[in-house]
Amino acid sequence: MAPSSKAAPVRIAPSILAADFARLGEEVRAVTAAGADWIHIDIMDGHFVPNLTIGPGVVKALRAHCDLPFDVHLMISPVDYMIEPFAAAGADIISLHPEAGPHLHRSLQTIRGLGKKAGVVLNPATPVAMVDEVMDMVDLILVMSVNPGFGGQAFIESQLDKIAALRTRIDAHVKAGGQPIDLEVDGGIDRETAPRAIAAGANVLVAGTATFRGGPDSYADNIAAMRGAG
Ligand code: DX5
Ligand code: ZN
C-alpha cells in the first residue's frame, strides 16, 4: 500500500442514516455541536440499492437546522432527473455512482453547472479506472467500503488498497496543476478502521453507526476518536 500524502486535515461526515429519523433536525444539530465537519445524507430508491430513504423535501427541511456542508450521496437510478431537486433543496456536494446513469460526464457537468461540488462513488467491485476520464471534473471521490444500501455493515478490507491507489492518482493530478479532490470513504468506519483509512490516504470519513452509537452524550467522543484526537 502506498503511504498517505497527509495533505488535508481529516473531516468527519456523520451519516444520518444511523440517526433517529423521528428527530432528524435535533440529531443534525447535535452532531454539528459535537464537531462534525459535513453532514452525509444517503438517498436510496429501493431500485439501485435494496433500501429506501428520503427525498429532497427532507433535505430542504434539514437545511434550516445546520450550516455545515450537506454531502448528498445519491444511490438512485435513473439519477439525472433528481440532481436539480437536491441542489435546490440545499445540497453542497452531490455524488453519484457511474452505474446509475448512462452518461457520467454529463451528470457531473450538470452538478457543476448548478454551482455544486461533484462527486463520483466507487462500489467495492468498481475499478479505480472508472475515474480516469473525469479527474478534471470531480471535487470528491467516494470509496464504498461496504456494498451500498445499509448502515452497520462490516468494512471491506480490499478497499484500503483502492484508497491508496486513488490517493496516488489524486496527488499526481494536483501536482500537475489539477484542482483539489477530496478522497472520502463510506461504510464500516469506526475507531478501529478510521486510522487505517486515513493511513491509506482518505481525508473524509463517513460514519453512521459509529457516530450515533450511545446517543447524543457520546457524539463528541465518537467523532473525536475517529478523527484521531480522542
Ligand atoms: C451505505 C451508506 C452509508 C452508511 C454507512 O449505503 O452509503 O453512508 O450510512 O453506515 P455505517 O457507518 O454504519 O457503515
Ligand atoms: Zn453514503
Side-chain angles (χ1 to χ4, degrees), residues 10-21 24 27-28 31 34 36-56 58-59 62 68-77 79 82 86 91-100 111 117-126 138-160 162-163 182-198 202-215 218-219 221-227:
V10 173
R11 295 194 167 87
I12 305 295
S15 164
I16 59 169
L17 191 62
D20 180 347
F21 266 53
L24 269 187
E27 291 276 70
V28 164
V31 290
D37 298 288
W38 297 354
I39 303 296
H40 185 83
I41 304 177
D42 290 304
I43 309 299
M44 305 182 184
D45 66 353
H47 167 73
F48 184 69
V49 291
N51 196 4
L52 271 172
T53 57
I54 59 174
V58 177
V59 174
L62 287 174
L68 294 180
F70 276 4
D71 173 31
V72 174
H73 175 191
L74 298 180
M75 288 162 274
I76 60 178
S77 179
V79 64
M82 288 306 284
F86 279 105
D92 297 286
I93 306 155
I94 299 178
S95 300
L96 43 77
H97 292 245
E99 299 88 350
I111 296 169
K117 291 193 170 178
V120 63
V121 191
L122 301 181
N123 275 334
T126 303
V138 294
D139 302 288
L140 177 142
I141 299 172
L142 170 51
V143 173
M144 291 304 303
S145 40
V146 298
N147 283 296
F150 302 96
Q153 303 182 77
F155 186 83
I156 298 174
E157 296 287 329
S158 59
Q159 301 309 297
L160 288 169
K162 186 187 283 181
I163 293 167
D182 284 307
L183 182 53
E184 185 176 42
V185 59
D186 183 5
I189 292 293
D190 57 22
R191 291 163 193 241
E192 190 269 321
T193 53
R196 299 166 65 213
I198 295 166
N203 72 293
V204 186
L205 308 180
V206 176
T209 305
T211 296
F212 289 94
R213 180 178 288 136
S218 306
Y219 297 167
D221 282 352
N222 291 346
I223 289 170
M226 285 184 282
R227 205 197 299 283

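One-based numbering, in listed order, for ligands and for the atoms of each. Atoms considered below: every heavy atom in the structure, side chains included; atoms not considered: hydrogens, waters and symmetry mates. These numbers were taken from a predicted model, which means no experiment stands behind them.
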Looking only at side chains, do [X] and [Y] share a donor and an acceptor under 3.5 Å apart?
{"X": "D42", "Y": "T53", "result": "no"}
{"X": "T193", "Y": "D190", "result": "yes"}
{"X": "E99", "Y": "T126", "result": "yes"}

Inset, instruction - Look at the rings of Y219 and F212 and say which category their plane angle falls in: under 30° parallel, 30 to 60° tilted, over 60° perpendicular. - result: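 Correct class here is perpendicular.
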Inset, instruction - Output, by chain and residue number, all protein N/O/S atoms separated from the Zn ion (ligand 2) by less than 2.8 Å. - result: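 Those protein N, O or S atoms (cut-off: under 2.8 Å from the Zn ion (ligand 2)) are H40 NE2, D42 OD1, H73 ND1, D186 OD2.
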Do side-chain atoms of [X] reach the backbone of [Y] as a donor and acceptor pair under 3.5 angstrom?
{"X": "N123", "Y": "A125", "value": "no"}
{"X": "D139", "Y": "K117", "value": "no"}
{"X": "Q159", "Y": "P124", "value": "yes"}

Could you give the N/O to N/O pairs under 3.5 Å linking ligand 1 and the protein, each with its distance?
unit_1, atom_1, unit_2, atom_2, d
ligand 1, 6 (O), G149, N, 2.7
ligand 1, 7 (O), D42, OD1, 3.0
ligand 1, 7 (O), H73, ND1, 3.3
ligand 1, 7 (O), D186, OD2, 2.8
ligand 1, 8 (O), H40, NE2, 3.4
ligand 1, 8 (O), D42, OD1, 3.1
ligand 1, 8 (O), D42, OD2, 2.8
ligand 1, 8 (O), D186, OD1, 2.7
ligand 1, 8 (O), D186, OD2, 3.0
ligand 1, 9 (O), S15, OG, 2.8
ligand 1, 9 (O), D42, OD2, 3.1
ligand 1, 12 (O), G208, N, 2.7
ligand 1, 13 (O), G152, N, 2.8
ligand 1, 13 (O), T209, N, 3.1
ligand 1, 13 (O), T209, OG1, 2.5
ligand 1, 14 (O), G188, N, 2.8

Legend entry - Presence of salt bridge, E184 and R11, under 4.0 angstrom: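 No, R11 and E184 are not salt-bridged.
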Inset, instruction - Would you check, one step at a time, whether the test side chain to side chain contact (heavy atoms under 4.5 Å, CB included) holds for H73 with D186? - result: CA-CA 10 Å; H73 175 191; D186 183 5; 3.3 Å; yes
